[in-house]
Amino acid sequence: MTTNLARRLIALCMVFIFVQTCVADDWPQWLGPNRDSVWRETGIVERFSEDGPPVRWRAQVAGGYAGPAVAAGRVYVMDYVTTGDRAPDPNSRSRLQGQERVLCFSAANGQLLWKHQYDCPYQISFPAGPRCTPTVDGDRVYTLGAEGDLRCLKTDDGSLVWSHNFPRDYQAATPMWGHCGHPLVDGERLLCVVGGEGRIAMAFDKRTGKELWRALSAKEQAYCPPTMIDAGGQRQLVIWHAEAINGLEPETGRVAWSVPLDANYAMGIATPRQLGQYLFAGGIVNKSVLLRLASDQAAPQVLWRGARGKGIGPVMVTPFLEGDYLYGVDGKGELRCVRLATGEQLWTTYAATAPDNRPTHSACAFLVKHGDRFFLPSETGELIIARLTPEKYDEICRVKIIEPTGVAFGRSVWWSHPAFAQQCLFARNDKELVCVSLAAVETRQ
């Protein structure tokens with residue numbers, strides 16, 4: 001090999017390595033690429049400047065709690081446009097006329113690329129709009145509306161590939177607060193929480209929508225998304241409905257185990273969390289459990305259950321497990337650190353959720369891990385950077401990024417989980433979708 005040729009090959013390799021390391025991460029589904037609430041991009045700001053992070057763009061959207069998904073340079077989000085003269089009332093199971101929409105924007109500049117919409121009367125509590133983050137998988141995006149409209153769309157133009165309506169096709173009654181189980185792609189399957197006798201959980205062929213299997217019965221399907229775990233080297237699908245948390249074979253739907261867990265008002269919402277042999281799930285009031293998974297498909301061992309002064313009972317915030325500890329938000333906004341093995345509460349703070357630092361009904365701040373710190377999007381519309389350790393809550397900085405346009409229990413709230421991708425935060429309320437740069441060094445777009 002000549003010296004010049006060798007130099008060229010080395011240069012090409014260096015360019016390839018540089019490009020590979022600079023590729024921005026996506027956030028293509030609920031809780032990120034691995035559904036683990038971890039943001040792995042580098043080159044992220046350490047603390048906010050006095051002026052706050054720059055807003056790259058804003059785009060108009062309508063009502064909804066559904067967080068955005070970001071994939072291949074596009075942002076997908078669902079909303080709801082009322083067509084009648086009646087405004088949504090969060091305090092009642094309102095009857096509304098309107099359309100659910102799936103919107104696709106350019107991640108670079110916020111330009112609307114396409115929209116897909118369909119008529120969808122609402123009769124749910126807190127009826128601002130859809131709840132589920134779109135799930136992007138290659139050239140398809142899967143969406144689930146609040147009244148059970150499951151749709152598979154092409155990512156390039158939003159055209160419909162296939163659809164199901166859970167109440168019509170499977171006699172699944174819409175729960176009080178709407179369908180909330182973010183669809184999960186598993187190989188060639190799309191896994192969903194549906195509802196009804198024998199079909200709380202269902203698997204569909206992701207390409208055609210054909211039913212592959214159905215499983216489980218309960219008084220209600222609850223609100224928890226399907227979750228994949230690994231137990232003793234075997235993959236298991238976890239479904240938490242209104243009566244129990246269950247482990248299923250994802251290929252067949254066969255129920256391997258079931259442990260009673262009945263959150264009040266069927267409010268099993270937070271995604272179950274695995275850390276090694278441990279699996280935690282929890283809801284209100286103090287309805288939580290820590291399981292030790294078996295090395296096979298046998299039933300797990302119950303290590304402890306939540307109680308007053310023990311563990312946490314989340315409303316809607318998915319907790320984070322790390323090392324020997326659990327970090328999560330309890331029912332009145334208490335951000336807590338809990339010793340995982342015993343449920344012992346080590347510290348509590350309201351700093352991330354409540355401006356007056358007092359207990360607040362269902363107050364929330366989502367937890368996203370980045371390196372040795374957390375990004376905490378608070379219901380106040382602020383983004384907080386903090387370190388959470390077994391010793392304390394250590395806040396680094398915070399900045400207002402979006403207006404809390406929702407209403408709950410007499411206060412304004414922002415209850416939509418943002419996406420962290422391309423060194424940016426993508427956040428929505430009931431009026432706009434914003435892209436905020438979190439890059440350590442901002443570049444011209």
Side-chain angles (χ1 to χ4, degrees), residues 27-38 64-69 76-78 124 130-137 141-152 164 166 172 174-187 189-195 199-204 206 214-216 218 220-230 235-248 250 253 261 263 266-274 279-284 288 314-321 328 364 366-368 415-419:
W27 194 273
Q29 60 179 333
W30 171 243
L31 300 185
N34 301 321
R35 289 203 176 200
D36 59 0
S37 304
V38 177
Y65 300 101
Y76 305 85
V77 70
M78 295 189 72
I124 56 176
R131 283 84 161 113
C132 293
T133 300
T135 300
V136 186
D137 179 54
V141 54
Y142 302 92
T143 62
L144 178 60
E147 289 282 0
D149 281 285
L150 175 66
R151 300 202 165 207
C152 172
H164 291 297
F166 292 166
T174 299
M176 177 175 289
W177 293 287
H179 286 272
C180 301
H182 314 270
L184 172 64
V185 171
D186 177 49
R189 294 176 292 272
L190 183 71
L191 304 172
C192 296
V193 173
V194 178
R199 49 186 176 270
I200 294 294
M202 294 186 66
F204 303 96
K206 72 177 185 181
R214 57 177 66 182
L216 295 172
E220 290 186 57
Q221 62 267 57
Y223 306 92
C224 184
T227 302
M228 200 66 66
I229 66 169
D230 181 280
R235 297 169 65 254
Q236 291 185 1
L237 171 65
V238 172
I239 300 291
W240 180 23
H241 56 54
E243 299 173 15
I245 183 169
N246 309 272
L248 284 67
L261 185 61
M267 286 177 63
I269 301 174
T271 303
R273 283 296 207 193
Q274 180 187 14
L279 180 68
F280 174 84
I284 65 168
S288 61
V315 178
M316 68 192 82
V317 177
T318 295
F320 197 93
L321 277 58
C364 81
F366 301 110
L367 284 74
V368 175
W415 279 355
S416 173
H417 199 301

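Side chains are part of it too, since the values below use all heavy atoms of this structure and drop only hydrogens, waters and symmetry mates. Since we're looking at a predicted model, the values are computed, not measured.
Nearest heavy atoms, Gly268 versus Ala263: N-CB, 3.8 Å. For the residue pair Ala222 and Ala242, the shortest heavy atom distance occurs at CB-N, 3.8 Å. Taking both residues in full, the closest heavy atoms of Met78 and Gly145 are given as CE-CA, 4.0 Å, listed atom of the first, atom of the second, then distance. For Trp27 against Pro68, the heavy-atom pair with the smallest separation is CD1-O, 4.2 Å. Of all heavy-atom pairs spanning Cys224 and Pro272, the tightest one is SG-CD, 3.3 Å. Shown here for Val193 and His179, the closest heavy-atom pair between the two residues is O-ND1, 4.3 Å.
Put simply, the side chain of Gln236 does not reach to within 4.5 Å of the side chain of Leu279, judged on heavy atoms. Taking the side chain as every heavy atom from C-beta outward, Val238 and Asn246 never approach each other to under 4.5 Å. The closest side-chain heavy-atom distance from Pro130 to Tyr65 is not below 4.5 Å. A 4.5 Å side-chain heavy-atom check between Pro225 and Cys180 finds every atom pair outside the cut-off. At a threshold of 4.5 Å between non-hydrogen side-chain atoms, the residues His417 and Val368 count as touching. The closest side-chain heavy-atom distance from Pro183 to Val185 is not below 4.5 Å.
Rounding to the nearest 0.5 angstrom, the gap separating the CG atom in Leu150 from the CE atom in Met202 is 10.0 Å. Gln221 CD to Phe166 CZ: the interatomic distance, rounded to the nearest 0.5 Å, is 9.5 Å. How far CG of Leu144 is from NE2 of His164: 12.0 Å, rounded to the nearest 0.5 Å. Note: Ile245 CD1 to Phe280 CZ = 9.5 Å, rounded to the nearest 0.5 Å. Taken from NE2 in His182 to SG in Cys132, the straight-line distance is 5.0 Å, to the nearest 0.5 Å. Between the CE atom in Met267 and the CH2 atom in Trp177 there is a gap of 5.5 Å [rounded to 0.5 Å].
No side-chain donor-acceptor contact under 3.5 Å links Thr135 and Gln29. Side chain to side chain, Thr227 and Arg273 fail the donor-acceptor criterion of an N or O pair below 3.5 Å.
Legend: residues meeting salt bridge (Lys or Arg N to Asp or Glu O under 4.0 Å) with Arg189, ordered by chain and number and at least two apart, are Asp186. Applying the ring-ring contact (aromatic ring centres under 6.0 Å, His included) test to Tyr142 and every residue at least two apart in sequence or in another chain returns nothing. Applying the salt bridge (Lys or Arg N to Asp or Glu O under 4.0 Å) criterion to Asp149, with sequence neighbours excluded, gives no partner residue.
Formation of a donor-acceptor pair under 3.5 Å by the Thr133 side chain with backbone atoms of Trp30 is not found in this model. Remark: side-chain polar atoms of Trp240 are paired, donor with acceptor, to backbone N or O of Leu261 under 3.5 angstrom. A donor-acceptor contact shorter than 3.5 Å links the side chain of Asp36 to the backbone of Val38. Lys206 places a side-chain N or O within 3.5 Å of a backbone atom of Gly187 that can act as its donor or acceptor partner.
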>> Could you go through Leu190 and Asp137, starting from their C-alpha distance and side-chain angles, then the distance that decides it, and tell me whether this counts as side-chain contact (heavy atoms from CB on, under 4.5 Å)?
In response: CA-CA 10 Å; Leu190 183 71; Asp137 179 54; over 6 Å; no
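Tested against Arg35, the residues Thr271, Thr318, Leu184 include a single side chain to side chain contact (heavy atoms under 4.5 Å, CB included) partner, Leu184.
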